[in-house]
Amino acid sequence: MKLRNRIALAAIAGTLAAPLSLAHEVWLLPSSTVLSNTGYVTVDGAVSNDTFHFNYRPLRITDNLVITAPDGSEVMPENLQPGRLRTVFDAHLEQSGTYRLAVINAGVMAMWKEGDERKRWRGPRADFAASVPADAHELSVRETAGRIETFVTVGSPTDIRPSGEGLEMLPVTHPNDLYAGEAATFMFALDGQPAAGVRLAILPGGARYRDALDRTELVTDAHGRVTVTWPAPGMYYLSASITDTAASLGGADRRASYTVTLEVLPQ
């Protein structure tokens, strides 16, 4: 009886939440965000309908995963394995300081008309000219640049170097130094410059065990900054996106997106 009630409630909740779940959540979830000594973390990557619960499909990780060590060197993932609902990998963290784990994606989406038929293409920018007719009718082109990341610190936190590409979060408050009840400030940058007017959404994990999503929405100020006070300890999912006309293809627009998994600790 309890199970039946739960399924019914889940169906109702899914219907009510439909407008918010049209875009699936994409995330990396590390087994730990802070280690006292060098060692391993295991990371899950997934695309889901429910924050931090792998229930849709695995995150596609091929050559687009970059693990940056505190000294700027690259760490190769170990035991990378895609599954039906999640991708898993290990990272051996052998230095003290903060590691940046990021899945970086870039591509082009195009739509055009051939007679009464609507055509669509998606792929890397290098294949655009060979895949989309130069004289395509009613052509619409969008470049996409996305970064999905999380941070892990061994011992004491260290600075995080900006990439200067796409949309990214540059910490004012360190992302591995977050505590419930305290305010944290982050700066968002687009191609290395402060990004004003970026809309953010923050969701605490564990939504399947409560009645409300508890979603917080913020907008960056003129200096690209936002400040959030964490209501409770736990894992948080932060997503942001912005559209502009700075695409490398003439006539295209660009959508830059960013997501990060953050852990907030108790006081």
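Around atom CG of Asp71, more than 12 heavy atoms belonging to other residues, nucleotides or ligands sit under 6.0 Å away.
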Atom pairs and distances, donor-acceptor, side-chain atoms in residues 106-118, under 3.5 Å, two or more places apart:
from	atom 1	to	atom 2	distance (Å)
Trp112	NE1	Glu114	OE2	2.9
Glu117	OE2	Lys119	NZ	3.4

What donor-acceptor contacts under 3.5 angstrom involve side-chain atoms of residues 182-190, with partners at least two apart or in another chain?
from	atom 1	to	atom 2	distance (Å)
Glu182	OE2	Gln267	NE2	3.4
Thr185	OG1	Thr227	OG1	2.8

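Put simply, the side chain of Leu218 does not reach to within 4.5 Å of the side chain of Thr220, judged on heavy atoms. Put simply, the side chain of Ile61 reaches to within 4.5 Å of the side chain of Leu80, judged on heavy atoms. Contact annotation: the side chain of Arg142 approaches that of Arg255 to within less than 4.5 Å [non-hydrogen atoms, C-beta and beyond]. Looking at heavy atoms from C-beta onward, Leu203 lies out of side-chain contact with Leu238 at the 4.5 angstrom threshold. Between Asp244 and Asp253, the closest side-chain pair of non-hydrogen atoms is not below 4.5 Å. Proximity of Thr98 to Asn176: side-chain heavy atoms (C-beta onward) are separated by under 4.5 Å at one or more points. When side chains are defined from C-beta on, Val43 does not count as touching Leu29, because their heavy atoms never get closer than 4.5 Å.
Looking at every heavy atom in both residues, Ser73 comes nearest to Gln95 through OG-NE2, 3.7 Å.
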Original post:
For Glu168 and Leu170, what are the C-alpha separation, side-chain angles and deciding distance, and is it a side-chain contact (heavy atoms from CB on, under 4.5 Å)?
Top reply: CA-CA 6 Å; Glu168 61 185 331; Leu170 305 180; 3.9 Å; yes

Original post:
Do Val34 and Val152 pass the side-chain contact (heavy atoms from CB on, under 4.5 Å) test, and can you show the C-alpha distance, the side-chain angles, and the key distance before you say yes or no?
Top reply: CA-CA 6 Å; Val34 179; Val152 178; over 6 Å; no

Subject >> Candidate pair Asp127 and Arg122, rule salt bridge (charged side-chain N to carboxylate O under 4.0 Å, His left out), full reasoning >> reply: CA-CA 9 Å; Asp127 295 343; Arg122 180 196 296 260; over 6 Å; no

Subject >> Chi angles and distances behind the side-chain contact (heavy atoms from CB on, under 4.5 Å) call for Thr153, Leu35 >> reply: CA-CA 6 Å; Thr153 290; Leu35 298 177; over 6 Å; no

Subject >> Intermediate values then yes/no, side-chain contact (heavy atoms from CB on, under 4.5 Å), His24 and Asn49 >> reply: CA-CA 6 Å; His24 293 97; Asn49 298 312; 2.6 Å; yes

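Between Trp27 and Phe54, the ring planes are tilted. Angles from 30° to 60° get that label. The aromatic rings of His92 and Tyr40 lie parallel to each other, their planes meeting at an angle below 30°, with 60° marking the opposite boundary.
Side chains of Thr259 and Ser239: a donor-acceptor N/O pair is absent below 3.5 angstrom, by distance only. Between Asp90 and Thr42, the side chains place a donor N or O and an acceptor N or O closer than 3.5 Å (distance only, hydrogens not considered). A side-chain N or O of Glu25 and one of Thr51 form a donor-acceptor pair less than 3.5 Å apart. Ser48 and Asp50 share no donor-acceptor pair across their side chains, judged by distance under 3.5 Å alone.
Cluster annotation: Trp230 and Met235 are assigned to distinct hydrophobic clusters (Ile/Leu/Val/Met/Phe/Trp/Tyr, side-chain heavy-atom contacts under 4.5 Å, transitive). Under the 4.5 Å side-chain contact rule for hydrophobic residues, Ile67 and Ile160 do not share a cluster. Under the 4.5 Å side-chain contact rule for hydrophobic residues, Leu262 and Leu265 do not share a cluster. Residues Val226 and Leu167 share a hydrophobic cluster, clusters being chains of Ile/Leu/Val/Met/Phe/Trp/Tyr side chains in contact below 4.5 Å. Clustering ILVMFWY residues whenever any of their side-chain heavy atoms sit less than 4.5 angstrom apart, transitively, puts Val154 in a cluster other than the one holding Phe151.
Using a cutoff of 4.0 Å between basic side-chain nitrogens and carboxylate oxygens, Arg100 and Glu149 are scored as salt-bridged.
Put simply, CG on Leu59 and CG on Leu28 are 6.0 Å apart, with the number rounded to the nearest 0.5 Å. Atom CG of Leu65 sits about 8.0 Å away from atom CE of Met76, to the nearest 0.5 Å. Distance check, rounded to the nearest 0.5 Å: NE2 of His174 to OG1 of Thr158 gives 5.5 Å. Taking OG1 of Thr150 as the start and OH of Tyr237 as the end, the distance is 12.5 Å to the nearest 0.5 Å. Considering OH of Tyr258 and CD1 of Ile242, their distance stands at 15.0 Å, rounded to 0.5 Å. The OG atom of Ser257 sits 8.0 Å away from atom CG of Asn105, with the distance rounded to the nearest 0.5 Å.
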